[in-house]
Amino acid sequence: MRVMKWSMIALAVSAGTSQFAVASSQEESKGFFEDQSLSVKSRMLYMNRDFKNGASNDQSTPNKTRIKGYREDAGLGMQAVYESGFTQGTIGFGLDALANGMIKLDSGPGRTGNGLFGKDSDGTPEDTQSSAGGAVKFRFSDTVLKYGNQYVASPVFSTDDSRLLPEVATGTLITSKEIKGLELSAGRFTALRDQDQTGRDSLGLKSANIGGATYQFTDNFVAGVAASDVEDHFKKQYINANYTLPINDEQSLNFDFNGYKSKSQGDELSGDIDNRIWSLAAAYSIGAHKFTVAHQRSSGDSGYSYGAVDGGGTIFLANSVQYSDFNGEDERSWQARYDLNMKTYGVPGLSFMTRYVRGDNIKTADDSGSKEHEWDFETKYVLQSGPAKDLSFRVRNAVYRANSAYDSDKVDTRLIVEYPLNIL
């Protein structure tokens, strides 16, 4: 989960107490080439969703019928990001560039559907896909304006990176950090590329206007708000508060609250939406161990809607897990989670996680009060040194069960190998 940091009340307080004498980011600029960076990340992903109890993966096309009891894909993706520095002077200028590409290692027209690859007219997954883009940026003091292709991480508009390639948004984003502890942002986006597509706007976004603010009250308490207006779909408001209570050097308590309010508008292309959803998570850390419990609750005349036009990562909620988001209409869900960091036991880079989430009271078409539950297990190892430092291996497994009126039972298994490399 991402942690937000804000308060409008603190804006007035900080305005009078900020240390304006401190040099701004632009004043410390070394130059366009001097501050440049280039990074490349490769990712191999194997993904299998095994449907249970007679459910099937229907990948039928107008010419052929292909029905199997599972989805299975494997591929290799490459993400390259170039970021220039800013030219010196009162207003700095810079350029960013993105390049993404993937190669299919294994899949088929009857067992695809995990969102890794685009498909041709016959339903066959593409062997290769690639795309590129760029953005111009300007900086004045500690305020940056960027226009073009970019990744976005707002709680009301967030590009997803859970498959081989990330989503990419096109638009303008302004981020300001003029006051110590306070970050303000505003943006307008007019295109969004899906993870398995190469077109500029594969999701049909007309426009999305977003704004947000975060403020760090103390070293241990941060809070934030955000809002969005997605044309002919919905409007959203978001709030977050995160507080950490240190107990001693080995122990701490953390509390994280997140909430959304959504309402459809215009042509209601995402349906008739009227939803309020919130989650509260409490985590106790002691040495290598962390124990988390969370509760999440949805109310209104619909479930929480996201992803189709505002990014697949736009769900900053505790019970949004590997397969399910537990965001159905009127749904109530509970989570218990355990994390273990093996560094304490002499194996740095190795970690484990398991969690169980159960949801009920879900309103469906037959008003049956449906239920769902999910058990996740994850282990990850990151090389700590040597020529392949930061190479990581990750195994994720989710066992999902639900009422047949709400969803189908399945097992979701993913094997992920990543290697990030900083070239410049």
Side-chain angles (χ1 to χ4, degrees), residues 42-77 102-129 160-167 194-197 202 307-308 312-313 315 319-328 352-359 362 364 370-380 392-418:
S42 59
R43 174 184 296 160
M44 191 285 289
L45 170 63
Y46 166 81
M47 186 171 176
N48 181 295
R49 280 187 175 168
D50 187 5
F51 295 82
K52 302 297 182 182
N53 303 324
S56 63
N57 173 41
D58 189 346
Q59 295 293 306
S60 300
T61 64
N63 301 321
K64 295 182 180 180
T65 298
R66 305 181 177 98
I67 299 177
K68 290 186 178 295
Y70 63 97
R71 296 175 181 174
E72 187 176 44
D73 300 289
L76 175 65
M102 75 83 190
I103 300 173
K104 181 183 69 178
L105 300 178
D106 182 53
S107 187
R111 51 193 172 93
T112 192
N114 286 317
L116 273 67
F117 316 114
K119 294 181 286 186
D120 62 20
S121 59
D122 192 39
T124 301
E126 299 284 354
D127 291 328
T128 62
Q129 290 178 248
D160 192 14
D161 189 19
S162 61
R163 298 296 189 266
L164 285 174
L165 301 178
E167 293 176 326
D194 205 355
Q195 295 183 96
D196 61 353
Q197 301 296 319
S202 57
I315 181 163
N319 289 352
S320 174
V321 293
Q322 180 170 330
Y323 174 76
S324 180
D325 296 313
F326 294 85
N327 60 333
F352 300 94
M353 183 279 294
T354 186
R355 65 188 162 210
Y356 177 76
V357 188
R358 183 175 185 84
I362 309 169
T364 54
S370 293
K371 300 179 181 179
E372 60 175 337
H373 63 98
E374 178 174 335
W375 187 289
D376 296 342
F377 172 80
E378 180 176 319
T379 183
K380 183 177 182 180
S392 65
F393 303 86
R394 187 179 181 189
V395 179
R396 305 184 71 192
N397 181 259
V399 178
Y400 177 81
R401 299 291 183 265
N403 291 41
S404 58
Y406 186 66
D407 204 341
S408 61
D409 295 350
K410 55 185 64 70
V411 176
D412 184 316
T413 302
R414 309 181 196 187
L415 307 177
I416 307 164
V417 180
E418 285 189 344

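Reckoned from all heavy atoms, side chains included, excluding hydrogens, waters and symmetry mates. Predicted model, so just to flag it, every value in this text is computed and none were measured.
K410 contributes a side-chain N or O that, together with a main-chain N or O of S408, makes up a donor-acceptor pair within less than 3.5 Å. Not one N or O on the side chain of D73 forms a donor-acceptor pair closer than 3.5 Å with the backbone of L116. With Q195 contributing its side chain and R163 its backbone, the two residues share a donor-acceptor pair below 3.5 Å. With Q129 contributing its side chain and G118 its backbone, the two residues share a donor-acceptor pair below 3.5 Å. Side-chain N or O atoms of S56 include none that pairs as donor or acceptor with a backbone N or O of K68 at under 3.5 Å. Checking side-chain atoms of N403 against main-chain N and O of K371 turns up a donor-acceptor pair under 3.5 Å.
If you run side-chain contact (heavy atoms from CB on, under 4.5 Å) between E374 and each of V321, N319, D412, only V321 comes through.
Under the 4.0 Å criterion applied to side-chain N and carboxylate O atoms, R66 and D122 are assigned as salt-bridge partners. Note on D161 versus R43: salt bridge recorded, some NZ/NE/NH1/NH2 to OD/OE distance being below 4.0 Å.
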**OP:** Mind running side chain to side chain donor-acceptor pair (under 3.5 Å) on N48 and T413 for me, showing each step along the way?
**Re:** CA-CA 5 Å; N48 181 295; T413 302; 5.6 Å; no

Subject >> Evaluation steps, side chain to side chain donor-acceptor pair (under 3.5 Å), between S162 and D160 >> reply: CA-CA 6 Å; S162 61; D160 192 14; 2.9 Å; yes

**OP:** Report the C-alpha distance between N57 and R71 in whole Å, list the side-chain angles of each, state the deciding distance to 0.1 Å, and finish with yes or no for side chain to side chain donor-acceptor pair (under 3.5 Å).
**Re:** CA-CA 7 Å; N57 173 41; R71 296 175 181 174; 2.8 Å; yes

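Nearest heavy-atom pair across A74 and F117 is O-CZ, 3.2 Å.
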